[in-house]
Structures are given as structure tokens and as C-alpha cells.
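The block underneath contains the structure these notes are about, expressed in C-alpha cells.
Only this structure's heavy atoms are used, side chains among them; waters, hydrogens and symmetry mates stay out.
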Amino acid sequence: MGTSFGAPASDWLNVITPAEGRPGRYGATLCVDQNHPFFFDHPLDHVPGMLLVTGLLDLLRDHAVLSRDHRVRLSFEFTSMCELGPGIDLSAELSDERGEWTVLALQEDRPVCAGTVALTEEPRSESPEEQGPVVSPAPIEGGLAHRADPRNVLIGEPTISHDGESTGSHDGEREEYVVPLVPPPVGHFLFRHGNEHYGLEEMIEAGRQFATAASHLAHERPRDAVMLWLRLAADLPAAPPRAERLTLRWPTQPPRGNRGTFDLTVSRGTATGQGVPIGSLSYGSRALSPASYQRIRQNGEQE
């Protein structure tokens, strides 16, 4: 794919092989393109979690299981580091009649990501309220979000509120960080399902960037800390209209050692008001010094 952001969706879906011919169970092999400008916008020694998430969601999309008319409740655990060399086998199996799927990513028969995806019909929302001219907020510094290419930064600068009042201070017993989503540039990979709606990967990646930035800003992790993604949970509409500006809110949660938990509310509305909640995202991560990260990589650890 080179360095172009404009690869059509069909090209991306071609990295997933045809399904195993058994109703209710699908299998695939994920192709890892280390030149992809979104997943690998800086050198990595492992397959990023967002690529595993995208592959598992695409497996359901590829077989018309997941559509933009769904509400998606997912829970993923990242059980071990996914290496760049060996192949990655994806599977999805319908686990109950209510629409819950068990998903799994295996590398050399070793689970690297496992979880569930539950799908329900999302009621169609009314026409978005008029919010005036859309002014894209300034993105946060890319380094805080662990992004090298500014075109991949999906969140703005955070504001901090105390009891509903916005302030630049970090004082107070309970703070809430609020960030607006920043739309990617035209032709970006994240627009592959259309320009009129947010995509699941876009919202999940924005939340990951928020959690990463909050690790540095609120938990005061060093700027060179490596963040290992341990778990992800989401309850989101699959494709909210882009005309409704989205914000992410995080009532601060203290770290526990080198672990952090980030329970985010996804709201419709501007960062200056409370907005209307439309869903949630939750992340668990582990912060490591570069030396500690190298040590666990040499020992083949994750937890």
C-alpha cells in the first residue's frame, strides 16, 4: 500500500482470506503490511493491537454480519504480544442466538487477542441537530498520542473540568478530562466506510490515543514510556453520523502501580458542554520503561 492514505476498502479486505465454509463460523488469515501509513506510522517490533481489532471486525463485515446499522458491544483481551513474522489466524463463531460472536486471533496456535462481539440493531437516530459551522479542533501533540504522523492524530487538546467548570488547572479532588475527536484528512484509511459516518476503528483509536495521552498528563508517565494494551471494551453505535461532533470524557482514575484504567464516555456535543452520551470505551494498559519493555520482549512476556 505504500504511503498513500487513499487505498480503497476492497484492497484492505483482500488481506482477509475467504471464510471456512461452515455456517456460523468464519476463519481468515490477516496480512500485516508494515508500510501501512496508519497502522505503522512509526517503527514497531510487534503487530499493533489496532490492526488485530480491525482484522477481527473486518472478518464480521466481510461476511455481512456487522453493518453500520448495528450497535456493537465488544470485549477484547490482548493475551500476548503479536509478532511481526508468523502468520495470524482470525476466527469468529456465533456463540448464541442473541447475536454474540466469539472472536480469536491466533499466532502459531497461541492466542494473542480473544474476546466477544455482541451485535444488536441500533435505532436510527433523528436528523442531527444543527451545530453551526464545523471548525476542526487543533490536534493534540502527536507524541502524547504515540503517533508520528500528525494525520493520524484523532483527538484535540484536553480541557479539564472540576464540578462542571472548565479550567486549565490540575488541582481538585476529582478531575474530568474532555477531548474532542479530530477528523482525519480526506482520503485517510479511516474513511474507507464512507465520509458521512464515524467508524468503529476511528472511535476506538481516538479512545486509545486519549488513554495514552492521559497516561502522560494525568498519571505523569514519562514521555518515553511504552504502553502495552491489555484490554478493550466498547459499547458504541457502529456508524454515528459525522455531523454530530463527538467528544470523549474521562473522570480521572488513579494508576495502580504501572497499570492504568481509562473508562471513557463517548458523547455527542461540544467539549464545552456535557453533551449527550451515546456510548462508552474502556481501556486497560501497562506502562513500561524502555528498558523494562526490552526485558519482557526478550523473555516473551505480556502480563
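- Taking the charged nitrogens against the carboxylate oxygens, Glu77 and Arg231 have no contact shorter than 4.0 Å, which rules out a salt bridge.
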Could you go step by step and tell me if His36 and Asp41 meet the side-chain hydrogen bond (donor to acceptor under 3.5 Å, both in side chains) rule? CA-CA 7 Å; His36 196 282; Asp41 82 340; over 6 Å; no

Tell me, with the steps shown, if Ser95 and Thr102 meet side-chain contact (heavy atoms from CB on, under 4.5 Å). CA-CA 6 Å; Ser95 55; Thr102 299; 3.5 Å; yes

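- Taking CG of Leu57 as the start and CG of Leu52 as the end, the distance is 11.0 Å to the nearest 0.5 Å.
- Distance CG/Leu74 to CG/Leu200: 7.5 Å, rounded to 0.5 Å.
- Partner of Glu83 under the side chain to side chain donor-acceptor pair (under 3.5 Å) criterion, out of His46, Arg297, Arg110: Arg297 alone.
- Each of Val182 and Val179 belongs to its own hydrophobic cluster when Ile, Leu, Val, Met, Phe, Trp and Tyr are linked at side-chain heavy-atom distances under 4.5 angstrom.
- Between Phe210 and Tyr283, the ring centre distance reaches or exceeds 6.0 Å.
- Counted by atom type alone, Gln294 and Gln298 present zero donor-acceptor pairs between their side chains at under 3.5 Å.
- The backbone N or O of Asn195 lies less than 3.5 Å from a partner atom in the side chain of Arg242, making a donor-acceptor pair.
- Looking only at distances, a side-chain donor or acceptor of Arg147 sits under 3.5 Å from a matching main-chain atom of Phe38.
- Under a hydrophobic clustering in which Ile, Leu, Val, Met, Phe, Trp and Tyr are joined whenever their side-chain heavy atoms come within less than 4.5 Å, directly or via other members, Leu66 and Met50 fall into the same cluster.
- Between the OG1 atom in Thr29 and the CG atom in Leu106 there is a gap of 10.5 Å [rounded to 0.5 Å].
- Two residues are said to be in side-chain contact when any heavy atoms from C-beta on lie closer than 4.5 Å; Val103 and Leu90 fail this criterion.
- When all heavy atoms are compared, the tightest approach of Pro137 to Leu181 is CG-O, 3.9 Å.
- Within a 6.0 Å radius of CD in Glu220, other residues, nucleotides and ligands contribute 12 heavy atoms or fewer.
- By the criterion of side-chain heavy atoms lying less than 4.5 angstrom apart, applied directly or through intervening Ile, Leu, Val, Met, Phe, Trp or Tyr residues, Leu190 is grouped together with Val266 in one hydrophobic cluster.
- With values rounded to the nearest 0.5 angstrom, Leu84 atom CG is found 7.5 Å from Leu44 atom CG.
- The environment of Asp224 atom CG is dense: over 12 non-hydrogen atoms of other residues, nucleotides or ligands sit within 6.0 angstrom.
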Before you tell me yes or no, could you show the steps for Arg249 and Glu176 under salt bridge (charged side-chain N to carboxylate O under 4.0 Å, His left out), namely the whole-Å CA-CA distance, both residues' side-chain angles and the distance that decides it to 0.1 Å? CA-CA 7 Å; Arg249 316 182 76 90; Glu176 183 180 54; 3.3 Å; yes

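- Between Cys113 and Leu56, the shortest heavy-atom contact is SG-CD1, 4.0 Å.
- Cluster annotation: Phe191 is not connected to Ile155 through the hydrophobic network of ILVMFWY side chains, with a link wherever side-chain heavy atoms come within less than 4.5 Å.
- Separation of atoms CD1 (Ile88) and SG (Cys82) is listed at 3.5 Å; rounding is to 0.5 Å.
- With 3.5 Å as the limit, one finds a donor-acceptor pair spanning the side chains of Ser292 and Ser289.
- Looking only at side-chain heavy atoms (C-beta outward), Leu246 and Ile278 come within less than 4.5 Å of each other.
- Looking at His188 and Asn152, their side chains do bring a donor and an acceptor atom within 3.5 Å of each other.
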Is there a side-chain contact (heavy atoms from CB on, under 4.5 Å) between Ser161 and Glu175 once you walk through the steps? CA-CA 6 Å; Ser161 65; Glu175 298 176 332; over 6 Å; no

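- Shown are Thr116, Asp235, Leu119; of these, the side-chain contact (heavy atoms from CB on, under 4.5 Å) with Arg73 is made only by Asp235.
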Derivation and outcome, salt bridge (charged side-chain N to carboxylate O under 4.0 Å, His left out), residues Glu202 and Arg192: CA-CA 11 Å; Glu202 180 180 358; Arg192 66 198 173 116; over 6 Å; no

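- Note that CD of Glu108 is 10.0 Å distant from CG of Asp89, once rounded to the nearest 0.5 Å.
- Listed for the Gln107 side chain is a donor-acceptor partner under 3.5 Å among the backbone atoms of Pro86.
- Listed by first and then second residue, the ring pair (Phe, Tyr, Trp, His ring centres under 6.0 Å) pairs that reach into residues 98-121 are Tyr26-Trp101, sequence neighbours excluded.
- Nearest heavy-atom pair, Thr247 versus Pro180, reported as atom, atom and distance to 0.1 Å: CG2-CA, 4.0 Å.
- Under 4.0 Å is where a charged nitrogen must lie from a carboxylate oxygen, and between Arg223 and Glu141 at least one such pair does.
- Shortest non-hydrogen contact noted between Pro111 and Leu104 is CB-CD1, 4.1 Å.
- Using a 4.0 Å cut-off between charged nitrogen and carboxylate oxygen, Glu201 and Arg208 do not count as a salt-bridge pair.
- In plain terms, the two heavy atoms of Phe262 and His219 that are nearest each other are CZ-CE1, 3.6 Å.
- Note on ring orientation: taking the six-membered ring where Trp is involved, the planes of His216 and His146 are tilted (angle from 30° to 60°).
- Taking the six-membered ring for Trp and thresholds of 30 and 60 degrees, Phe76 and Phe78 have ring planes more than 60 degrees apart, a perpendicular arrangement.
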